[in-house]
**Student:** 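Here it is: the structure, laid out below.
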Amino acid sequence: MRHAPLLFALVPLAFAAPSAGAQGSGRGFFFGEPKASFAVHGGLSLPGASSDLFDFTTSELTLRKGDFAGFNYGGDLGFRVSPRFDFVIGIASSGSTTRSEFRDWVDTNDEPIEQTTSFRRTPFSGTVRYHLKPRGRTIGSFAWIPAQFVPWVGLGGGAMKYQFTQVGDFIDYQTLNVFSDRFISRGWAPFAQASVGGGWNISPHWQLTGELRYLRGSARLDDDFVGFDRLDLSGVATTFGLALRF
């Protein structure tokens, strides 16, 4: 009967946990607060597209800044640092590929001068996340009951892999000749990130998440785009996902 004291201690918890759940807390309970979480998410990425290369592209070609928006997906691994703070390591990827043509020019056969523009960003981030309310509460000496909904804010940064590519036919503005080519600028650049979001508990281990992220960064363009300023890598992303706590 070495386990008798533990069994007697758990009897009140069997009644306390359902009662607490009925009062609006998360469903079920843990034997101790979770120490980590893993989340997968997807959503919409909206690049700022505010540098002069984007301005030139959207004025000369049949592109709009909204054409650079695209689906984003990724994953986060979070570690509990304190009752209110987590450190979150994340990776995400987003991009767009759009066909276009010159707005005001055609070739010698009166055919459109066509090209394809691609823009992709892959940020690797580290974020400090602060929860705006307690994530749960302890009942007795063993059970931890998660709150139904917990909002958070985050601040961090990291390194972003990026690539801007244009392939197709173009105009030499000095000779007005049409030529085929491929222009590309790619590399790595630092960025900062701020976020606001929250988690809805659907079971002791599973949580639905939603987040709004703002990224701020820029990069020097390669020689294929000589004469342009830095490439704007900033933008906003909305994400919705599913997290597993353990």
Side-chain angles (χ1 to χ4, degrees), residues 17 20-21 24-47 70-95 120-162 188-217 233-246:
S25 61
R27 299 183 178 90
F29 63 93
F30 283 89
F31 290 103
E33 185 172 355
K35 304 300 182 184
S37 65
F38 175 72
V40 292
H41 53 76
L44 181 64
S45 178
L46 301 171
F71 179 74
N72 78 73
Y73 58 92
D76 296 324
L77 182 61
F79 301 94
R80 180 184 180 275
V81 178
S82 73
R84 292 289 187 101
F85 283 94
D86 281 351
F87 181 71
V88 182
I89 300 171
I91 179 174
S93 183
S94 64
R120 179 161 295 279
R121 298 175 300 160
T122 304
F124 296 80
S125 62
T127 301
V128 176
R129 179 182 291 173
Y130 175 73
H131 296 81
L132 300 176
K133 60 180 287 188
R135 288 182 269 189
R137 59 196 182 98
T138 301
I139 302 296
S141 302
F142 299 97
W144 182 84
I145 301 177
Q148 190 70 54
F149 171 74
V150 182
W152 65 66
V153 294
L155 191 64
M160 180 186 299
K161 185 179 180 180
Y162 67 91
W188 291 83
F191 72 94
Q193 175 176 281
S195 59
V196 58
W200 294 263
N201 294 299
I202 56 176
S203 79
H205 289 281
W206 294 99
Q207 185 181 55
L208 296 176
T209 64
E211 193 170 50
L212 177 67
R213 301 180 178 184
Y214 173 69
L215 286 71
R216 179 74 175 180
L233 300 176
S234 303
V236 175
T238 59
T239 69
F240 299 93
L242 184 65
L244 171 64
R245 294 175 298 189
F246 50 92

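Both backbone and side-chain heavy atoms feed into the values below; hydrogens, waters and symmetry mates do not. Residues: numbered from 1 along the sequence shown.
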**Student:** Distance from L44 atom CG to T238 atom OG1, nearest 0.5 Å?
**Tutor:** 5.0 Å
**Student:** How would you list, by chain and number, every residue that makes a ring-ring contact (aromatic ring centres under 6.0 Å, His included) with F85, sequence neighbours excluded?
**Tutor:** Y130
**Student:** With rounding to the nearest 0.5 Å, note down the distance linking CD1 in I145 to CZ in R137.
**Tutor:** 5.5 Å
**Student:** Heavy atoms, side chains only, cut-off 4.5 Å: are P34 and R80 in contact?
**Tutor:** no
**Student:** Just wondering, do W206 and L244 contact through their side chains at under 4.5 Å, heavy atoms?
**Tutor:** yes
**Student:** Are side-chain heavy atoms of F240 and L208 found at a separation under 4.5 Å?
**Tutor:** no
**Student:** With a 4.0 Å cut-off on N to O distance, would you call D76 and R213 a salt bridge?
**Tutor:** yes
**Student:** Is the shortest side-chain heavy-atom distance between R129 and E211 below 4.5 Å?
**Tutor:** yes
**Student:** Looking only at heavy atoms, which two atoms of N201 and P146 are closest? And how far apart?
**Tutor:** ND2-CB, 3.9 Å
**Student:** Kindly write out the residues that satisfy ring-ring contact (aromatic ring centres under 6.0 Å, His included) with F124, not counting sequence neighbours, or none if the list is empty.
**Tutor:** W188
**Student:** Using only atom types and a distance under 3.5 Å, with no angle test, would you say the side chain of S195 pairs donor to acceptor with the backbone of L212?
**Tutor:** no
**Student:** Donor-acceptor pair, distance only, cut-off 3.5 Å: does the side chain of H205 make one with the backbone of R245?
**Tutor:** yes
**Student:** CZ of R135 to CD of E33: how many Å apart, nearest 0.5 Å?
**Tutor:** 5.5 Å
**Student:** For the residue pair G43 and F71, what are the closest heavy atoms and their distance?
**Tutor:** O-CD1, 3.1 Å
**Student:** Taking C-beta and beyond as the side chain, do T239 and T209 meet within less than 4.5 Å on heavy atoms?
**Tutor:** no
**Student:** What are the two closest non-hydrogen atoms of I202 and Q207, and how far apart are they?
**Tutor:** CG1-N, 4.2 Å
**Student:** Between S93 and R120, which heavy-atom pair has the shortest distance, and what is it?
**Tutor:** OG-NH1, 3.1 Å
**Student:** Go through the steps for V40 and Y73 under the test side chain to side chain contact (heavy atoms under 4.5 Å, CB included), then give the verdict.
**Tutor:** CA-CA 8 Å; V40 292; Y73 58 92; over 6 Å; no
**Student:** Which label fits W200 and F149: parallel for a plane angle under 30°, tilted from 30 to 60°, or perpendicular past 60°?
**Tutor:** tilted
**Student:** Taking side chain as C-beta onward, heavy atoms only, is L132 less than 4.5 Å from V153?
**Tutor:** yes
**Student:** Heavy atoms, side chains only, cut-off 4.5 Å: are H131 and D86 in contact?
**Tutor:** yes
**Student:** Partners of R121 by salt bridge (charged side-chain N to carboxylate O under 4.0 Å, His left out), sequence neighbours excluded?
**Tutor:** none
**Student:** If you take all heavy atoms of F191 and S125, which pair is closest and at what distance?
**Tutor:** CZ-CB, 3.8 Å
**Student:** Quick check: do T122 and Y162 have side-chain heavy atoms less than 4.5 Å from each other?
**Tutor:** no
**Student:** Nearest heavy-atom pair of S45 and N72: which atoms, and what distance?
**Tutor:** N-ND2, 3.4 Å
**Student:** Could you tell me whether R84 atom CZ has more than 12 heavy atoms of other residues or ligands within 6.0 Å of it?
**Tutor:** yes
